[in-house]
Amino acid sequence: MVEDVAASSLGGRAVHLEYLRVEQLAAPIGLWTSRPRFSWQLPAGSTGHVQSAYELVIHDREGAVWTTGRVESADSVLVEVPGFEARSRTAYSWRVRVWAEGSPDPTGWAESTFETSILDPAEWEAHWVEPEQESVRPDGAQNFAELFSLRIDTPPGERLLPTPYVRQRFELDGVPVRARVYATAHGIYQAELNGHPLGDEVFAPGVETYGASLSFQTYDATSAVRVGPNVFGIVLSDGWYAGRVGILGSSRGYGDRLRAYWQLHVETEDGRTHVFSSDGSARSSTRGPIRYADLAVGEGYDARIAWTGWSTAGFDDGDWSPVTVAHPEQRLVPFEGEPVRRVLELPAVEILRTPAHEIVVDFGQVIAGRVRFRVEGERGQEVSLQHSEVLDHDGNFFMNILGPNKDQTDVYTLAGTPGGEVWEPTFTFHGFRYVRLTGFPDDLDESDFTAIVTGSDLRVTGSFRCSDDRLNRLHENAVWSQRGNFLSIPTDCPQRERYGWTGDLQIFAPTAATNMAVGPFLSRWLRIVRDDQLPDGRIVNISPIPPQLDFLMHAPPPSYDDPILLLASSAGWGDAIAIVPQVLYERYGDRRVLADNYPAMVAWVEYQIRSATEGVAPRLAGVELSAVQRDRQQYLWNTVPHFGDWLAPSTLRGPDGSQMNAPRRTGEVVGCLFHGRTLEIVAQVAEILGHDADAERYRRRAHRVWAAFADEYIGDDGRILGDLQGPSVLALAFGAVPERLRGAVVDRLVELIHEAGDHLDTGFVSVPFLLDVLWTHGHRDLALTLLWQDTAPSWLYEVDRGATTIWEGWEAIQPDGVVTDLSFNHYAFGCVDDWMYRRLGGLQATAPGFRRSRIEPAFTSGLDDVSATIETPYGALQCEWHRRGDHVEVEVHVPSNTTSTIVLPAVTGSVVDANGHPVDPDKDGEVPLGPGSGRFTFTLETHERRNPEWHDHGKH
């Protein structure tokens with residue numbers, strides 16, 4: 001691929017187009033759509049570049065197949081080409097050039113490529129094949145009552161099964177010039193061709209709702225195929241299909257028999273295309289070196305079984321068994337986005353000898369992944385590695401994840417190779433920082449151990465640094481928790497559950513989209529969420545919803561007396577179907593993600609409307625209501641229980657502390673608040689998509705919801721039912737408080753924070769809005785006080801106790817040092833990271849994709865230096881500022897083809913630009929930047945006002 005092959009002069013400046021993308025990916029070879037969208041960037045660093053027109057040409061191997069001609073448009077992100085439809089399994093090249101305002105000459109052509117996957121189901125010739133295997137055995141808890149009582153003492157090697165190996169011979173009678181493999185499995189797989197692994201993906205095909213659809217991968221096999229005899233090989237493991245993933249640790253979620261499905265297309269020099277696909281000629285065996293493998297339990301490998309070259313033509317498979325052809329009903333779709341890969345390697349930091357006389361390897365960072373190690377020993381010697389996220393109060397290895405099949409233990413049997421042998425598991429990953437070693441020799445060295453970080457291979461797009469090391473660590477913790485939990489789908493934790501909780505993601509989506517390029521990744525997950533949507537319109541709380549939880553869909557009506565029954569669907573969780581697409585539109589300018597999810601959004605809000613109109617809140621059951629009260633109730637979605645402001649800290653404390661306290665106290669109001677907010681979002685989406693009647697209808701209902709909410713729940717003293725911080729925060733954030741009551745609600749929120757000792761008491765769904773609500777309602781000092789707070793519950797409490805990821809609970813390590821059995825890798829509360837970018841760094845999008853931005857740094861935040869950068873679809877948007885006594889130096893970089901405004905508030909003296917010329921902000925402190933890109937530098941004379949409550953924290 002050549003991303004900028006030419007340049008031309010625009011106004012005397014050489015301009016190169018950069019960063020060519022198709023569907024937000026660089027030169028994809030397995031594109032999942034026939035209607036690709038194209039993106040490019042004008043270069044950074046040259047002030048004033050604004051595109052006025054573009055021309056795009058698409059070629060296949062025969063020549064040009066489409067040209068747009070000159071299109072008068074400034075669009076350069078996710079540009080659709082009306083009329084062009086890509087063919088299935090076709091390689092294309094494309095080139096683009098643009099004209100900039102004020103110049104008659106275009107840039108030179110910039111070129112890239114893309115290739116479609118199988119887009120027509122009729123092209124499949126393959127058959128599903130079942131290898132030799134025993135059916136996966138039933139295992140794990142069958143219900144929540146068994147979750148913490150069930151003990152499994154049988155070793156994994158006795159209850160788990162060997163992985164099936166499958167190989168298929170074929171003959172090629174021409175010289176290959178291009179080869180592609182399309183493959184998938186029931187289970188997870190690794191494919192080889194003539195001894196060469198295909199691609200660098202792991203855990204393919206990924207997490208799916210198998211009953212609805214299943215992804216398949218595309219691999220370039222050109223370098224592996226050859227004239228004459230060839231062998232395609234594939235190894236299968238239980239994975240998410242049959243393995244023990246989920247809080248119950250139960251097996252056989254979607255099936256108990258592993259299957260494979262593949263098709264190889266080879267083009268030869270003579271112009272022919274040869275198709276080889278899975279069928280009954282394949283052979284299989286379970287006598288290979290991987291004796292068992294489970295994503296959660298771990299992997300067992302016997303290196304004494306030497307199967308080198310098992311997928312080559314010379315390997316003797318005479319004792320292998322024929323496969324069986326199967327006929328499952330399965331809809332196949334091309335994989336969308338970036339695959340799971342080994343994304344980083346971390347060397348061991350230290351080998352610890354604990355007080356309990358155990359050997360523990362510390363990798364210095366909580367991750368999702370596994371360990372590659374080197375060991376030397378006798379043939380048949382067995383070594384094991386058990387993984388955990390934390391040490392206990394005394395410094396001993398502590399298994400913080402409870403429940404069946406949460407072993408997180410890998411076992412390796414040595415071949416006895418002189419000089420040592422190296423191994424890394426293939427079909428498992430763990431959540432860990434520490435690894436307890438058993439059976440290893442005493443003369444270990446840190447260099448013998450490397451942690452392999454696994455995750456969806458998402459490009460990091462955000463960076464944040466400031467003068468306080470703890471805030472830097474907090475930012476890094478959010479990034480690491482995202483990396484550990486964005487593995488095929490967004491999960492809540494990489495060790496205990498690995499569930500795709502919709503609520504966790506809607507909370508974290510803005511931070512996720514700031515720190516990494518998550519567009520295709522989350523679009524794929526939203527397809528799974530749509531697959532799981534119930535016929536009545538409900539969006540489930542967990543997606544994909546594992547079949548073990550199907551009983552929830554048919555259970556009695558939910559009740560606050562039984563938390564399990566709340567697991568089906570809930571306000572703030574199901575609303576992800578509207579909120580996440582809106583975030584992707586705002587951050588990437590992706591209009592298609594709105595269109596794809598709009599029917600599901602409508603079905604969800606229509607379910608809410610029906611539910612709201614069919615009854616009243618449980619507390620009003622049997623109460624005689626006036627006509628006004630009855631009319632009001634039809635706009636309040638309070639008729640079914642909700643999680644509410646889940647895990648609000650104060651509701652968990654004391655002798656009556658319980659996870660169900662927050663739902664009982666806040667579920668009713670949270671349901672109403674998210675109903676109004678989601679109605680507004682769907683109305684906005686409808687307007688963008690041109691569904692004007694829908695937009696008007698949902699907007700009108702939202703107004704009525706807010707009026708009903710104020711009358712029903714807000715007192716003249718500013719108290720909202722439940723009288724906790726969370727409902728007040730949400731009501732203010734969503735605009736549910738009428739102006740006449742806003743001051744009282746803000747005052748009551750401030751009182752509640754002070755009553756909590758200047759601590760947050762917000763739960764899951766309100767914590768993302770807490771600091772913003774204070775910031776925008778005149779309490780910036782209090783927002784900063786909460787940010788700098790270092791006693792629990794607070795973000796810096798975790799940091800001060802050595803957190804390297806975001807914790808599930810604010811006091812996962814209690815103040816007395818007691819370590820709990822919570823997860824130490826839950827990203828949700830890391831949502832504060834987005835706030836730090838927007839407020840401390842000042843970077844705010846004011847148009848989709850950051851086409852327009854606002855830069856409003858918090859110069860009086862207690863910090864001396866802040867540098868924040870977001871790689872927007874148009875290029876890097878950056879603000880860096882430094883306090884030097886009574887002066888602040890500000891440097892801003894604005895991407896080409898965008899405009900921005902910087903806000904320079906609280907200036908007590910002069911403002912000058914990079915050349916020393918005076919700058920006059922308007923009455924609101926705003927200075928326009930652009931149009932076009934550029935680097936802008938200002939020096940402000942200002943006097944910082946610091947609150948003594950957080951003065952020392954900012955200097956930490």
Side-chain angles (χ1 to χ4, degrees), residues 151-163 237 244 287-307 345-364 367 369-392 394-401 404-452 454 495:
R151 290 184 56 85
I152 299 177
D153 297 321
T154 307
E158 296 179 20
R159 67 181 194 270
L160 274 64
L161 300 172
T163 60
S237 178
R244 296 142 187 83
R287 294 185 292 278
I290 303 179
R291 303 314 303 149
Y292 63 86
D294 183 87
L295 284 173
V297 175
E299 187 167 320
Y301 190 92
D302 190 340
R304 295 172 297 180
I305 302 173
W307 266 20
E345 295 189 1
L346 301 179
V349 172
E350 185 178 6
I351 295 180
L352 307 170
R353 267 69 177 182
T354 70
H357 307 292
E358 296 174 323
I359 301 176
V360 174
V361 183
D362 178 9
F363 289 97
I367 68 165
R370 63 269 189 116
V371 175
R372 183 180 68 233
F373 63 89
R374 178 192 172 277
V375 64
E376 185 172 4
E378 298 294 326
R379 182 175 178 84
Q381 180 181 338
E382 190 175 273
V383 297
S384 69
L385 302 88
Q386 186 177 18
H387 303 70
S388 180
E389 295 173 320
V390 67
L391 301 180
D392 71 10
D394 298 317
N396 290 311
F397 185 85
F398 178 71
M399 194 60 186
N400 63 301
I401 300 303
N405 289 321
K406 304 297 189 296
D407 305 52
Q408 294 209 120
T409 300
D410 299 325
V411 179
Y412 179 79
T413 304
L414 278 68
T417 305
E421 44 207 280
V422 176
W423 182 67
E424 174 191 335
T426 301
F427 291 119
T428 193
F429 71 92
H430 311 294
F432 71 99
R433 170 178 171 171
Y434 299 96
V435 176
R436 176 165 60 185
L437 306 179
T438 304
F440 280 81
D442 291 332
D443 56 340
L444 297 174
D445 188 88
E446 286 87 352
S447 62
D448 293 332
F449 300 90
T450 302
I452 309 299
T454 56
Q495 17 51 13

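Residue numbers run from 1 in the order of the sequence given.
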Qualifying residues under salt bridge (Lys or Arg N to Asp or Glu O under 4.0 Å), relative to D442, sequence neighbours excluded: none

P289: partners by side chain to side chain contact (heavy atoms under 4.5 Å, CB included), with sequence neighbours left out: Y165, Y301, I305, W307

Test item: V371 and F363 side chains (from C-beta on) under 4.5 Å apart, heavy atoms: yes

Q408 side chain vs H430 backbone, donor-acceptor pair below 3.5 Å: no

Qualifying side-chain hydrogen bond (donor to acceptor under 3.5 Å, both in side chains) pairs, either residue in residues 346-363, two or more places apart: T354-N396, E358-R436, D362-R433

D410: salt bridge (Lys or Arg N to Asp or Glu O under 4.0 Å) partners, not counting sequence neighbours: none

Side-chain donor/acceptor of T417 to backbone N/O of A415, under 3.5 Å: no

Charged N-O contact under 4.0 Å between D294 and R244: yes

Heavy-atom side-chain proximity of I290 to E299 below 4.5 angstrom: yes

Distance-only polar pair, side chains of Q495 and E389, donor-acceptor under 3.5 Å: yes

Exercise: identify the closest heavy-atom pair between R372 and I452: NH1-CD1, 3.3 Å

Smallest separation among heavy atoms of S388 and M399, with atom names: OG-CA, 3.9 Å

Sequence-distant partners of S447, side chain to side chain contact (heavy atoms under 4.5 Å, CB included), two or more places apart: D445

Check: L437 and F373 side chains under 4.5 Å, non-hydrogen atoms: no

Main-chain N/O of P155 paired with E158 side-chain donor or acceptor, under 3.5 Å: no

Flag, side chain of E446 to backbone of P347, donor-acceptor distance under 3.5 Å: no

T413 side chain reached by R291 side chain, heavy atoms, under 4.5 Å: no

Side chains of I351 and I359 in contact at under 4.5 Å (non-hydrogen atoms): yes

Qualifying salt bridge (charged side-chain N to carboxylate O under 4.0 Å, His left out) pairs, either residue in residues 411-431, two or more places apart: R342-E424, R370-E424

